[in-house]
Amino acid sequence: MENEVRVRIAPSPTGEPHVGTAYIALFNRAFAKSHNGKFILRIEDTDQTRYTENSEKAIFESLRWLGLDWDEGPDIGGPYAPYRQSERTEIYRKYAQELLDKGLAYKCFCTKEELAEMRTRQEKEKRPAVGYFASDSPCRNLTPEQIKEKEEQGIPYVIRLKVPDDDPDALITFFDHTRKKEISRKYSEIDDQVLLKADGFPTYHLANVVDDHLMGITHVMRGEEWIVSTPKHILLYKAFGWKVPEFYHLSLLRNPDKNKSKISKRKNPVSLRWFRAAGYTPEALLNFLALMGYSRNTEGKTKEEISAMDIFTMDELDKEFDPARISTSGPAFDYEKLDSINNTYTERMSIDEFVKYQSERTAYLMKYLGVLAEEVKTRFRRFDKEVNSITDFFFRMKMNYNSKEFKKAKISFEEAGKVLKAVKKVFKDNATKLNTPEEFRECLANIVEKNGFDNRGLHMTVRVAVAGVGESLPLYESLALLGVYRCITRFDEAISALEKFAKEETK
RNA sequence: GGCCCCGUCGUCUAGCGGUUAGGACAUUACCCUUUCACGGUAGAGAUCAUGGGUUCGAAUCCCAUCGGGGUCACCA
């Protein structure tokens, strides 16, 4: 199978499984299926500092839930195992050594401080580009004796690629199949990339190129954020004397705000677990995601036919998939449209399917809620009262507050506004440190103490801001599950609502 | 800031030298309905970012400008 199409998705297990991963996976898989090829899952866990325990499991689980199953991967094996980069470090070391032997890479002993110094110097000189370039590299031309001496002193080092500097104006060019054009960068714009870190782990660039080659990847479909580093990868393929795969860069999903920045958890829910718990069906999410980056061929179709073409299954996509129809502009993630698509899928279900999906979803919701699941039970007075009404606030995009609820805090609207502004600031400043319920508890307690706020008033105000109502699930656990960024978003909405309520009252 | 990418209704998009610029979501009105939702019908909504070319003719080709995004880590 020399000409077999082989594509891959290579997520990094750092935190929640990202909707962007599913987006890229979907197109890779459709491409493989349409060519009778293979779709591979590879885990890129070379950053020990960002690795989180359950993240890999969550990626498997979420992708499987969506039906985006893979032909080879860390959990099912395959002819090119292992598929987890942390288990392949020997391989990367070997290839880094090969480059060293060929004189195409070198050991760099610079410290973090020296690197920082170099950076500030370059910025001061107003250089067009900042980085570890040949002309700036103190380590590039170290003699074998100097290297030996430093090694004997036990100075830690990294291995850097020696970017050719004989013709700085020469171009490195590749063809981007999504944009259908060549993209180039000058050699002079590329600095000596780190290949192997001081801890012996490879960087993305090395591991990715080595694995793609070893695993026989023929087509690389990945996010647009990689477009500028593709030339670096080309350089690596050349250094090894390997065949370069074909590249497709997909535009990034964007936040639906005016600026349309790359979609982020700071502004919107992006976790696949969230979408699942919120009650979206896999078919609907996939259909929606496909719509964001792909358009079907409408040639020769009637208006009526076209109007029904937005709804399609992955099987249909796999059959007709044409990579030339992937779009290049960054689509804003329209949660309302997702809802609408979800609706058309649920209304098409049989009653049996509907019931089955409802119970599957409820089961997952309880899992998602974690410690809060117990609390849901205690507030669940009757079975005809839905669990959803108690947990709904985790999935709302807009709160549309009612002034009556804020009155339960027994402090004025102005005071409540002040409280929320203070809490918001603290949350923002300590965003990365607020994860567990306990951390939220301490945080709020500190705010009460420092500002002399009414304890009950603050807690009720925060509760209403976050849940929309005065009676809801335990606060600290709710804040933790919601996540600090979505809390902040709600505070923003609550603060302006409170201002409005205050004005109306004085009228 | 340097470099790279992108630019059609509010949003996702069709279009690839000659179209009344089409569809979907959202939105408006009406119909259906004892309510809501679904469904149906009709409508509004895009001087195709702007300005120059090329051409008999440009959303479609070229250039410039502007706007947005990405990237400049021992993160991926």
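First the proteins, then the strands, lettered A, B, ... as listed; each starts at 1. Because only heavy atoms are used, hydrogens play no part in the values below, and waters and symmetry mates are left out as well, while side chains stay in. Fair warning: this is a prediction, and the values are worked out from it, not measured in the lab.
Across all strands shown, the partner of U11(B) is A24(B), judged by Watson-Crick or G-U wobble contacts whose two distances both fall under 3.5 Å. Look at G2(B): its Watson-Crick or wobble partner, with both distances under 3.5 angstrom, is U71(B).
Between the C1' atoms of A46(B) and A24(B), the separation comes to 15 Å (whole Å). Separation of the C1' atoms belonging to C32(B) and C48(B) is 38 Å when rounded to the nearest angstrom.
When the nucleotides C74(B), C5(B), C38(B) are ranked by their closest atom to the side chain of K112(A), C74(B) comes out on top. With distances taken from any side-chain atom of R179(A) to the nucleotides C25(B), C6(B), G22(B), the minimum falls on C6(B).
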Look for any protein N or O under 3.5 Å of an N or O in nucleotides 61-72 of chain B and output each such pair with its distance, or none.
unit_1 : atom_1 : unit_2  : atom_2 : d
G68(B) : O3'    : N259(A) : O      : 3.1
G68(B) : O2'    : N259(A) : O      : 3.1
G69(B) : O2'    : R254(A) : NH2    : 3.3
G70(B) : OP1    : K262(A) : N      : 3.3
U71(B) : OP1    : K262(A) : NZ     : 3.0
C72(B) : O2'    : V130(A) : O      : 3.3

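Residues of residues 315-338 of chain A having a heavy atom closer than 4.0 Å to RNA chain B, listed by number: R325(A), S327(A), T328(A), S329(A), G330(A), P331(A), A332(A), D334(A), E336(A), K337(A).
Applying the 4.0 Å criterion to OP1 and OP2 of G22(B), one finds that S307(A) has every side-chain N and O outside that range. Look at K181(A) and you'll find a side-chain N or O under 4.0 angstrom from OP1 or OP2 of C5(B). Between K107(A) and C74(B), a side-chain N or O to OP1/OP2 separation shorter than 4.0 Å is absent.
Here the shortest heavy-atom pairing between L434(A) and V484(A) reads CD1-CG2, 4.0 Å. The minimum heavy-atom distance between D71(A) and K38(A), with the atom names listed, is OD2-CA, 3.3 Å.
Checked against the 6.0 Å centroid threshold, Y80(A) and H213(A) do not count as a close aromatic pair.
Backbone-only contact: P202(A) has heavy atoms under 4.0 Å from sugar-phosphate atoms and none from a base. Residue R296(A) is out of contact with every strand shown, counting any heavy-atom pair closer than 4.0 Å.
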Check the pair R273(A), S62(A) against side-chain contact (heavy atoms from CB on, under 4.5 Å), reporting the backbone distance first and the verdict last. CA-CA 7 Å; R273(A) 286 170 12 96; S62(A) 297; 4.2 Å; yes

